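These numbers come from a predicted model, not from an experiment.
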Amino acid sequence: MAQRKNTGKPRLSIARRQLHRPRMSASKAKLLFALAAAMLAFVMLIVQLFTVSVIRGEYWTKKAMAQWSRTTYLKADRGRITDRDGTVLASSYTTYQVCVNPQNIQLDDRERIAYILSTYLDMDYDVVLAKMSKTRIRIDSDGNQTATLLSQVKIKDQVDKEVISQLNAMQLGTGVSYYADVKRDYPESGYYGQLLGFTNVDGDGQTGVELTYNKYLAGTDGYIKTDTDRDNNPVPGGEEEYILPISGGNVTLTTNTGLQAILENALQEACTVNNAATAYGILLSPKTGEIFAEGSYPTFESSNPPRSDAKTLLELPKNRIVTDTYEPGSTFKVITLASALETGAITTGSSFNCSGSLTVKGEKIKCWRSGGHGRETLAEAVANSCNPAFMSMALRMGLDTFYEYIYKFGFNTPTGSGIMGETSGTVTHKKYVRDADLARIGFGQSISCTGMQLAMAFTAAINGGELLKPYIVEEITDNDGNVLLKNQREVVTRVISPATSSLVRTLLQNVVENGSGRNAQVYGYSVGGKTGTSQKYNEDGSVSSTRLIASFIGFAPVNDPEFVCLIVVDEPQVPSVYGSTVAAPFVQEVLASSLSLMGVTPDKTNQSSVVPNVTGMTVEEAVRTLRSDGLTATYLEAENNSVVTAQVPRANVTVVHGSNVILYSNGYSFYNSDSEEEVEMVKVPDVVNKGLEDRIMARDRLEKAGLVMDYDPENCIGYAYAQSYEPGTEVPVGTVVHVDFAEKGSSTAGNED
């Protein structure tokens with residue numbers, strides 16, 4: 001083993017060598033620590049400078065500029081809204097914003113100015129004085145607080161020019177300033193409530209066209225930016241930047257104000273006389289898809305929306321023709337008919353046998369007429385609105401084919417009308433549809449849609465077969481006349497052939513002339529259309545027997561349609577609810593007035609009658625008067641001695657000879673046993689021969705059958721001894737049955753026994 005060479009020097013252990021290292025002096029350690037701290041502080045300063053100048057540079061620049069300058073915004077003029085003929089529906093005019101400059105008002109003059117402003121601006125004096133006395137608290141470096149008056153405070157918006165002139169005459173000096181503002185005006189405020197909508201106090205659209213097309217109407221605000229000192233006072237000789245506002249675009253609608261008035265007046269009448277929750281409708285061109293009129297009732301004025309009632313403010317502005325979905329009922333039969341004809345599932349020679357119901361895979365589905373219609377031709381089945389006939393059409397087409405046409409007709413897809421709030425309805429997915437469901441869809445149940453979807457599908461069925469995109473805005477232009485947006489006729493798809501469409505028109509004309517749509521006849525013009533009555537659902541999902549929707553959709557003239565009109569009456573509170581009596585007369589009113597207003601050439605020669613004024617007469621007298629003039633009447637037999645309070649059509653209107661006049665009295669409503677309609681029929685129960693029915697028991701028995709009891713409130717003691725309909729008589733659900741009462745043993749009751 002090799003020996004380590006001995007050098008003769010003493011060897012030190014590691015521990016001893018460490019002990020002999022020179023130690024750092026305390027002063028040197030302090031110096032190094034101070035140097036490290038300084039470097040860290042320098043790095044932090046660099047980071048902070050980078051953050052302030054680069055990352056948040058724009059923010060701090062704006063903050064600084066805000067302290068060095070004052071910006072006054074100049075409101076842009078909001079664009080006009082006009083109808084197709086140039087009638088101004090919404091425009092803006094200049095008003096003023098009144099502001100006070102407290103720092104420029106002497107203390108002893110503050111109360112005088114507050115009194116003048118509160119008087120001319122119709123404001124509370126204490127409120128004005130409080131605004132003028134507002135201060136800003138400043139805290140200096142020593143923690144001392146100083147209260148400084150604000151440089152400017154807004155007192156009131158949208159003050160008319162005349163008031164500003166009066167204030168100027170009061171010589172208020174620099175203590176009061178005025179700035180131009182804009183206020184919205186609606187010259188036709190009695191109409192167009194839901195369609196136009198309204199703006200808020202700042203001029204921004206809140207509902208309707210005002211909101212949907214706000215980006216076009218609003219324009220771009222301008223401003224004046226002035227250099228100021230630290231107290232926000234203008235710097236003498238400072239710079240001033242002035243940017244002019246850019247006015248908003250002008251919107252031209254496809255509507256006609258005359259037609260809008262016709263439709264809205266009809267909706268108000270339909271809702272009022274039928275005591276309905278709402279009534280809504282649309283009038284459009286089946287040739288182009290242009291919407292001539294649209295609205296609902298109750299409505300509101302755009303110049304005075306119900307801002308104080310939040311619930312009403314949410315409900316009234318709804319454009320129900322696009323927001324509300326419902327089961328269309330028999331109006332949907334037009335779609336079934338057109339699809340079945342186009343696919344060859346039926347022909348003009350097809351016939352049907354209605355026994356009052358149809359059993360589909362073990363499930364019995366009733367016709368609206370419990371006794372059935374018997375053997376029917378296609379034309380008769382359509383005129384009768386026979387449920388089993390349309391169930392057969394749907395089943396013959398089959399699920400895939402029928403669904404193909406349902407989608408082609410535009411159901412389950414928003415129409416893109418440009419009206420605010422449009423929804424899409426509900427078409428159940430095919431995989432969940434049984435044969436019984438398919439049969440129900442054939443006559444308008446188990447499917448929901450909006451009124452707009454139904455109107456456009458109906459239009460495709462009668463206009464030659466083209467599904468059109470509806471539109472409410474014709475064009476939008478800027479102030480130089482440059483077109484910013486332009487709408488025109490747009491075909492979504494071809495659904496059926498022109499030949500099929502022509503046949504559908506003929507069959508629907510027969511509905512009006514010989515079927516349930518007779519109340520829609522217009523003197524001098526051919527009309528086609530379809531009634532509809534559908535049930536609504538209770539909150540628990542069950543079908544309601546009292547909450548119904550009645551509707552009618554019609555077109556004219558038949559061979560060259562100019563107008564399609566749909567009116568939906570929601571929850572009419574009358575005992576007998578029919579599309580033919582609740583809605584059809586008002587579509588007739590709209591079509592007759594519209595054809596006349598627009599100068600459409602008559603295409604039919606028929607005998608006419610002028611409707612006499614029968615209001616104020618008893619029902620019995622009114623019926624005799626109408627019959628003497630060659631007219632018929634729809635009324636409730638139990639109301640013969642009641643006074644007629646309203647009539648449809650109105651007095652002095654020219655109608656087709658033999659037309660029907662609906663009488664409304666101070667009793668419930670009407671029922672005509674000859675009416676042919678799709679509402680389910682029920683049998684009147686016997687409330688007399690049981691011998692024990694008092695008023696409560698009789699009422700309960702009738703209500704259980706879906707009927708309404710009428711009686712003399714001054715003579716309703718005792719037991720029922722007479723009823724207005726014989727037991728077992730078939731009447732529509734909701735019909736009024738008058739019952740007479742007498743005490744047991746009275747001569748009257750004894751005679752009846």
Side-chain angles (χ1 to χ4, degrees), residues 267 270-282 296-298 311 314-316 318-333 335 365-368 385 387 390 411-412 421-428 436-437 439-455 516 530-553 566-584 586 668-669 671 677-682 703-708 731-736:
L267 293 175
C271 189
T272 302
V273 299
N274 290 297
N275 194 25
T278 62
Y280 55 93
I282 188 169
S296 66
Y297 186 85
K311 183 178 180 180
L314 286 174
E315 285 297 314
L316 282 189
K318 286 183 178 180
N319 288 282
R320 297 188 181 277
I321 201 71
V322 297
T323 62
D324 288 14
T325 61
Y326 67 106
E327 286 191 351
S330 292
T331 52
F332 189 81
K333 291 174 180 176
I335 309 307
I365 306 174
K366 295 180 180 180
C367 182
W368 64 268
S385 194
N387 287 354
F390 286 91
F411 293 97
N412 210 43
E422 185 165 9
T423 53
S424 60
T426 303
V427 177
T428 305
D437 300 321
R440 287 190 173 88
I441 293 172
F443 62 88
Q445 289 185 359
S446 301
I447 186 171
S448 73
C449 64
T450 65
M452 181 67 77
Q453 287 175 313
L454 179 66
S516 59
K530 188 70 190 72
T531 55
T533 309
S534 56
Q535 293 175 313
K536 298 182 72 172
Y537 294 88
N538 297 316
E539 292 183 0
D540 61 2
S542 62
V543 176
S544 172
S545 61
T546 58
R547 299 170 62 229
L548 304 172
I549 295 177
S551 61
F552 186 86
I553 187 165
L566 168 67
I567 286 181
V568 179
V569 183
D570 190 4
E571 295 189 28
Q573 298 302 303
V574 290
S576 299
V577 178
Y578 299 105
S580 60
T581 53
V582 173
F586 303 100
Y668 268 97
S669 185
Y671 163 59
E677 182 56 52
E678 59 270 31
V679 172
E680 182 180 355
M681 307 291 283
V682 297
E703 287 185 351
K704 186 176 181 180
L707 303 172
V708 177
V731 296
V733 170
T735 294
V736 169

Minimal heavy-atom distance between Gly444 and Phe332, with the atoms involved, is CA-CB, 3.7 Å
Between the OG1 atom in Thr428 and the CZ atom in Arg440, the distance rounded to the nearest 0.5 Å is 12.0 Å
Nearest heavy-atom approach of Asn387 to Lys366 is ND2-O, 3.6 Å
So OG1 of Thr331 and CG of Leu454: to nearest 0.5 Å the spacing works out to 4.5 Å
Contact between Pro572 and Val577 at the side-chain level, heavy atoms closer than 4.5 Å - yes or no? yes
For Ser448 and Pro328, the nearest pair of non-hydrogen atoms, with its separation, is CA-CD, 4.5 Å
One should read off an interatomic distance between Asn319 CG and Tyr280 OH, to the nearest 0.5 angstrom, of 12.0 Å
I'd like to know if the side chain of Ser534 and the backbone of Glu327 have a donor-acceptor N/O pair within less than 3.5 Å. yes
| message | Main chain of Ala279, side chain of Arg320: is a donor-acceptor contact present, judged purely on distance under 3.5 Å? | response | no
Across all chains, not counting sequence neighbours, the side-chain contact (heavy atoms from CB on, under 4.5 Å) partners of Glu422 are Val322, Pro414, Thr415, Ser417, Met452
Separation between SG (Cys449) and CG (Asp324), nearest 0.5 Å, reads 11.5 Å
Heavy atoms of Tyr297 and Cys271 approach each other most closely as CD2-CB, 3.6 Å
Closest heavy-atom pair, Ile282 versus Ala455, reported as atoms and distance to 0.1 Å, is CG2-CB, 4.1 Å
Across all chains, not counting sequence neighbours, the side chain to side chain donor-acceptor pair (under 3.5 Å) partners of Asp570 are Lys536
Under a 3.5 Å distance rule, please check whether Gln445 uses its side chain to pair with a backbone N or O of Phe443 as donor and acceptor.
no
Legend entry - Check: Phe552 and Val582 side chains under 4.5 Å, non-hydrogen atoms: no
- Query: Heavy-atom distance under 4.5 Å between the side chains of Val569 and Ser551, does that happen here?
  - Reply: no
Judged by atom type as modelled, is there a donor-acceptor pair below 3.5 Å linking the side chain of Ser330 to the main-chain atoms of Thr531? no
Q. Is there a donor in the side chain of Ser385 and an acceptor in the side chain of Lys333, or the other way round, less than 3.5 Å apart?
A. yes
With sequence neighbours left out, the residues meeting side chain to side chain donor-acceptor pair (under 3.5 Å) with Glu703 are none
Interatomic distance, OG1@Thr450 vs CG@Leu566, rounded to 0.5 Å, equals 9.5 Å
When rounded to the nearest 0.5 Å, the distance separating OG1 of Thr325 from CD1 of Ile447 is 11.5 Å
